Amino acid sequence: MYLNLPQAPLQILDLPWLANSNVEVAILRLDLIDPLISGNKWFKLRHHLQHAHAAGASGLISLGGNHSNHLHALAAAGKRFGFATAGLLRGHPQDTPTVRDLQALGMQLHWLGYGGYRARHEPGFWEPWQARYPGWQCIPEGGGGAAGAEGCALIVEQARSQLSALGWSGYDAWWLAAGTGTTLAGLVRAEAGEHLVHAALAVPIDHGVPETVTELAGIQGYQLHDACRGGFGKFDDELLAFIAESERHSGVPLEALYTGKALLALRDQVGAGLFAPGTRLIFVHTGGLQGRRGYL
């Protein structure tokens with residue numbers, strides 16, 4: 001099973017605060033690669049799907065919340081490539097646009113409650129589910145693990161192949177949001193220390209991002225910035241106003257849980273002088289726009 005990755009366009013991000021600081025940013029629009037298997041989820045899932053096909057798995061099972069971009073992409077990928085899918089969801093049954101999409105795409109849903117979902121890292125968690133769905137491929141939360149990071153490493157080449165079209169001979173660093181840390185680990189692996197990767201944390205630091213990057217990349221070459229604004233899934237009026245203003249200037253749609261937080265954190269760091277005038281950054285738009293329906 002060979003899965004061609006769609007090409008994400010690389011575009012100059014036009015925002016007044018970047019122009020005022022003489023910092024250039026090119027945004028890699030992973031949000032545009034597919035209407036359903038969107039953003040970094042395509043890259044995270046690519047190798048998981050190949051492994052499932054090679055193993056002869058008839059189905060895919062994974063975890064997420066009631067607005068999960070990962071489960072949304074997984075359900076769409078299953079339907080497109082001929083895998084049955086099951087989702088283990090945090091909390092109790094809720095009716096959200098994402099949940100309705102999962103059901104429409106044929107995913108079987110199991111609500112674990114909050115305590116049951118917290119047990120996902122405990123030994124033996126997957127055993128009853130493997131018994132219930134024998135032969136299915138179990139995919140880590142968010143499409144993580146080594147397979148997810150391996151797929152995300154391909155993001156680097158997608159951006160590099162388009163630099164000359166922008167008139168860039170090179171770049172200085174990356175900037176992206178981090179949730180599980182899998183995409184960050186993929187970029188760090190691909191860069192192998194050549195360029196620094198800045199990650200704006202959409203989750204608190206104790207959610208294990210540094211440990212994930214160490215496990216999956218095994219090298220340094222990245223810097224973390226707090227962008228969670230009080231916790232995963234939390235947003236406020238300042239963030240929403242910043243997103244609206246950024247969309248008005250740039251024409252690039254954003255969501256509040258990942259890419260919006262990452263861009264606001266970048267604005268703050270540019271304003272604080274982290275980057276010298278003339279710096280060129282590649283900013284990764286990680287998609288997830290379907291999740292906007294949960295709060296707009």
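Everything numeric here is computed off the predicted structure, so don't read it as measured data. The residues of the chain are indexed from 1 along the displayed sequence.
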Salt bridge (charged side-chain N to carboxylate O under 4.0 Å, His left out) partners for [X], two or more places apart:
X	value
Glu194	Arg160
Arg229	Asp236, Glu238
Glu157	none
Arg189	none

Quick one: hydrophobic cluster around Leu289, which other residues, with the 4.5 Å side-chain cut-off, linked directly or via members?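 Members besides Leu289: none; it forms no cluster.
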Please identify each residue that fulfils side chain to side chain contact (heavy atoms under 4.5 Å, CB included) with Thr98, with sequence neighbours left out.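 Per chain and number, Thr98 pairs via side chain to side chain contact (heavy atoms under 4.5 Å, CB included) with His67, His72, Thr96, Leu102, Gln290, Arg293.
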What pairs with Ala227 under side chain to side chain contact (heavy atoms under 4.5 Å, CB included), at least two apart in sequence or on another chain?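 Testing Ala227 for side chain to side chain contact (heavy atoms under 4.5 Å, CB included), a comparison that skips the adjacent residues, returns Ala200, Lys261, Ala265.
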In Å, rounded to the nearest 0.5 Å, how long is the span from CH2 of Trp17 to NE2 of His249?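 Interatomic distance, Trp17 CH2 to His249 NE2, rounded to 0.5 Å: 11.5 Å.
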For a quick test of your reading: what N or O donor-acceptor pairs under 3.5 Å do the side chains of residues 75-95 make, sequence neighbours left out?
residue: Arg80; atom: NH1; partner: Asp34; partner atom: OD2; Å: 2.7
residue: Arg80; atom: NH2; partner: Asp34; partner atom: OD1; Å: 3.1
residue: Arg80; atom: NH2; partner: Asp34; partner atom: OD2; Å: 3.4
residue: Gln94; atom: OE1; partner: Asn66; partner atom: ND2; Å: 2.8
residue: Asp95; atom: OD1; partner: Arg100; partner atom: NH1; Å: 2.7
residue: Asp95; atom: OD2; partner: Arg100; partner atom: NH1; Å: 3.1

Hey, which of Leu176, Thr259, Leu13 is the one that makes side chain to side chain contact (heavy atoms under 4.5 Å, CB included) with His285?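 The residue from Leu176, Thr259, Leu13 that satisfies side chain to side chain contact (heavy atoms under 4.5 Å, CB included) with His285 turns out to be Thr259.
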Arg292/Glu255 ion pair, N-O < 4.0 Å: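 Between Glu255 and Arg292 there is no salt bridge, as every charged N stays at least 4.0 Å from the carboxylate O atoms.
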Sequence neighbours excluded, which residues qualify as ring pair (Phe, Tyr, Trp, His ring centres under 6.0 Å) partners of His110?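 Here the qualifying residues are Trp129, Tyr133.
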Heavy-atom pair with the smallest gap, counting every atom of Ala149 and Thr182: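 Heavy-atom minimum between the residues: N-CG2, 3.4 Å.
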Pairs where residues 144-173 contributes a residue and the test ring pair (Phe, Tyr, Trp, His ring centres under 6.0 Å) is met, not counting sequence neighbours: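 Checked against ring pair (Phe, Tyr, Trp, His ring centres under 6.0 Å) - neighbours excluded - the pairs reaching residues 144-173 are Tyr171-Trp174, Tyr171-His195.
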Sequence neighbours excluded - salt bridge (charged side-chain N to carboxylate O under 4.0 Å, His left out) pairs with any residue from residues 168-188: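 Every pair satisfying salt bridge (charged side-chain N to carboxylate O under 4.0 Å, His left out) with a residue in residues 168-188: there are none.
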Which pairs of donor and acceptor atoms, one on a side chain in residues 55-65, lie under 3.5 Å apart (sequence neighbours left out)?
residue: Ser58; atom: OG; partner: Trp136; partner atom: NE1; Å: 3.3
residue: Ser62; atom: OG; partner: His70; partner atom: NE2; Å: 2.7
residue: Ser62; atom: OG; partner: Ile139; partner atom: O; Å: 2.7
residue: Ser62; atom: OG; partner: Pro140; partner atom: O; Å: 3.2

Checking the side chain of Gln158 only, and the main-chain atoms of Ala8 only, is there a donor and an acceptor separated by less than 3.5 Å?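 Yes, the answer is positive, given that a donor and an acceptor are paired below the 3.5 Å cut-off.
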Under a 3.5 Å distance rule, please check whether Glu247 uses its side chain to pair with a backbone N or O of Leu254 as donor and acceptor.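 Yes: the side chain of Glu247 pairs with the backbone of Leu254.
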